[in-house]
Amino acid sequence: MLLPRVRIAPSPTGNLHIGTARVALFNYLFAKNQNGVFVLRIEDTDIERSDKKYEQSIFDGLRWLGIDPDEGPEQGGPYAPYRQTERTETYEKYIRQLLAEGKAFYCFHSEKELAEEKGRMMAEKRVLLHSCTHRDTAPAEAHARAAETSDFIIRFKTPAGRRIEFTDLIRGTVAFESDLLGDFSIAKRPNVPLYNFAVVADDYEMKITHVIRGEDHITNTPKQMLIAETLGFPMPEYAHLPLILGPDRSKLSKRHGATSIDEYRAQGYLPEALFNFMALVGWNPGDDREIMSKEELIRDFLLEKVQKSGAVFDVQKLDWMNGEYIRRKSVTELVDLCMPFFGGVTSEKDRAYLGKVIALEQPRLKKLSEIAERVGYFFSEPEYDKELLRWKKVTDADIRTSLERAEKVLSGISDEAAKAKLERVFLDEIGGGDRGSLLWPVRVALSGKKASPGPFEIMEILGKEESLARIRGALKKMA
RNA sequence: GCUCCUAUCGUCUAGCCUGGUCUAGGACAUCGCCCUCUCACGGCGGAAACCCGGGUUCGAAUCCCGGUGGGAGCACCA
């Protein structure tokens, strides 16, 4: 039995986009589930727009997510090269073949003429296509003319009256009429192919069996099938994934906010959370599971369970899931992950201290980038308005009394008192009274925040002297 | 405009193929309660959806037809 070969073919014209990454993810899950091969191919034929730095962003982003190609520009493979700009002989071979067989032809219409034609069709409310008058020019004559001018393009001679049908693995039967396609362009020059042609040649040469891509490619499919058929290539299976949408339900784009994997990474999302989350937009395992490991996802992935309609990218749910993954981390791991979000903390002693601090925030952390702001008071004296010290409607005198009591209690405790001990002593002091009137101002004095971990946890880490200093500081504010 | 795709809570979705068990299930978000000095975590509970209209049927979220809504594509980009 043949193992499936799937491919992701991004163009390096921007940082790795969420949508592209999701397509890559689904290809990866499908390939791994089927024990197949996942191929990464760079579609950089448009040299004007492509850029090496974007290519690197694609490599880095996929690697970070844990989506590792089996074959690609970095890892090589039996069908190398995997960059279209390095495969021009292949395209030229097939373009010349089509030209020679009269299945493609030179079109000498200027862009201006084409634009006018388009305007006319628009006015007549007809489908926009170009049925070229040059399609039946004698090859010899066309060749001669092409040798003299550079103002031409190569078009596919689309057959008339054909119904083109394919079975989409996700949507079922999809059908198009060839008469609505026109004589579409396939190359600028014999060695400069256009997208619809290049992918067909590459997919054939690379023995791709399954083309899994975004729904936005669905109308390209009949063109590609026509080319493949004419060249005698076997048809791959097609599967068109639903698009990822912004909150307004249009295709996710820059105006919706962060759209590249880099940005999510920089904000402190965990790769496994993003992996898990992206897998679940447009797909589900058929039961109630949501937090799923990569291995689980691969094992249970089923193309048939992929959704047909577009799905909104819900950042709030991503945040929740990221929090879930953060809570599953060991403190040591979490410290490593948080390190980039702090500046200049390197020594082992600092690391140990950081570990204690981070462990405290672990349950409420949604994104790693929040960590520095959340625990800032452990590293420097907090600044806050003295009104924050007020518990409910108590008077200034009450606040002072509470802080003085706290100071007195804390002074009587040994230097290394642990949280449990601190808690016991303070609770004894409070007796059956209102805890808030004592604990709230103490906690604010320590953290300077209206929301933070508990005062005992903070005191344990801060130590007796620093805690006392902060309580005295608060007292000074109230004076 | 034309072509194609699509339609269950605000969002992601289960259920649809093989009609009744659906008083439509789960999750995020939201609201309330509990825990609690605060926030979070955790626990409990609430509000919240079958696009509309016909048909088939004893019975339709599920099958059929027609509308409507949403999306994408219509390059010498990919």
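Since the model is a prediction, treat every value here as computed from it, not as a measurement. All heavy atoms count here, side chains included; hydrogens, waters and symmetry mates do not. So you know, we letter chains A, B, ... as the sequences are listed, proteins then strands, and number each from 1.
- Distance A:K223 NZ to B:A72 C1': 13 Å, rounded to the nearest Å.
- For A:R374, the salt bridge (charged side-chain N to carboxylate O under 4.0 Å, His left out) partners at least two apart in sequence or on another chain are A:E361, A:E370.
- Every residue two or more places apart in sequence or in another chain that forms a salt bridge (charged side-chain N to carboxylate O under 4.0 Å, His left out) with A:E86 is listed here: A:R83.
- Residue A:E43 is in sugar-phosphate contact alone, with no base atom involved, counting any heavy-atom pair closer than 4.0 Å across all strands shown.
- Evaluation of the salt bridge (charged side-chain N to carboxylate O under 4.0 Å, His left out) rule for A:K367 yields no partner, not counting sequence neighbours.
- A:L129 has its CG atom 18 Å from the P atom of B:G73, to the nearest Å.
- Taking the ring centre of A:F152 as origin, the terminal cationic atom of A:R189 falls inside the region bounded by 6.0 Å and 45° from the ring axis.
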Kindly give the atom pairs (protein nitrogen or oxygen, nucleotide nitrogen or oxygen) under 3.5 Å for nucleotides 30-34 of chain B.
none

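- Using modelled atom types and a 3.5 Å distance limit, the side chains of A:S185 and A:H130 yield no donor-acceptor pair.
- For RNA chain B, the neighbouring residues in residues 441-453 of chain A, judged by any heavy atom under 4.0 Å, are A:R443, A:K450, A:A451, A:S452, A:P453.
- Applying the side chain to side chain donor-acceptor pair (under 3.5 Å) rule to pairs touching residues 303-313 of chain A yields nothing, sequence neighbours excluded.
- Take A:D287 and apply the salt bridge (charged side-chain N to carboxylate O under 4.0 Å, His left out) test, not counting sequence neighbours, and it matches A:R289.
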Interface polar pairs with nucleotides 45-47 of chain B, N/O, under 3.5 angstrom:
none

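- Among the heavy atoms of the strands lying under 4.0 Å from A:H217 is at least one base atom, whether or not backbone atoms are also near.
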Please produce a list of atom pairs where a protein N or O lies less than 3.5 Å from an N or O of nucleotides 1-7 of chain B.
{"unit_1": "B:G1", "atom_1": "O2'", "unit_2": "A:K125", "atom_2": "O", "d": "3.2"}
{"unit_1": "B:C5", "atom_1": "O2'", "unit_2": "A:R171", "atom_2": "NH1", "d": "2.6"}
{"unit_1": "B:C5", "atom_1": "O2'", "unit_2": "A:E215", "atom_2": "OE2", "d": "2.8"}

Identify each donor-acceptor pair in which a side-chain atom of residues 420-429 of chain A lies under 3.5 Å from a protein atom, sequence neighbours left out, and give them as a table.
{"unit_1": "A:E429", "atom_1": "OE2", "unit_2": "A:R405", "atom_2": "NE", "d": "2.8"}
{"unit_1": "A:E429", "atom_1": "OE2", "unit_2": "A:R405", "atom_2": "NH2", "d": "3.3"}

Atom pairs under 3.5 Å: protein N/O with N/O of nucleotides 63-67 of chain B:
none

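- Classified by interplanar angle (parallel below 30°, tilted 30° to 60°, perpendicular above 60°), the ring pair A:F313/A:Y264 is perpendicular.
- For the 3.5 Å distance criterion, the side chains of A:D248 and A:S250 qualify, holding a donor opposite an acceptor.
- Geometric assessment of A:R145 against the ring of A:F108 yields a positive cation-pi assignment under the 6.0 Å and 45° thresholds.
- Phosphate contact (OP1/OP2 of B:U13, side-chain N/O of A:N284, threshold under 4.0 Å): absent.
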Just list the side-chain donor-acceptor pairs under 3.5 Å for residues 275-282 of chain A, sequence neighbours left out, or say none.
{"unit_1": "A:N276", "atom_1": "OD1", "unit_2": "A:M292", "atom_2": "N", "d": "2.8"}
{"unit_1": "A:N276", "atom_1": "OD1", "unit_2": "A:Y325", "atom_2": "OH", "d": "2.6"}
{"unit_1": "A:N276", "atom_1": "ND2", "unit_2": "A:E290", "atom_2": "O", "d": "2.9"}

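- Close to B:A14, at under 4.0 Å from its OP1 or OP2, lies a side-chain N or O of A:Q307.
- In this model, the phosphate group of B:A14 is not approached by any side-chain N or O of A:R289 to a distance below 4.0 Å at OP1 or OP2.
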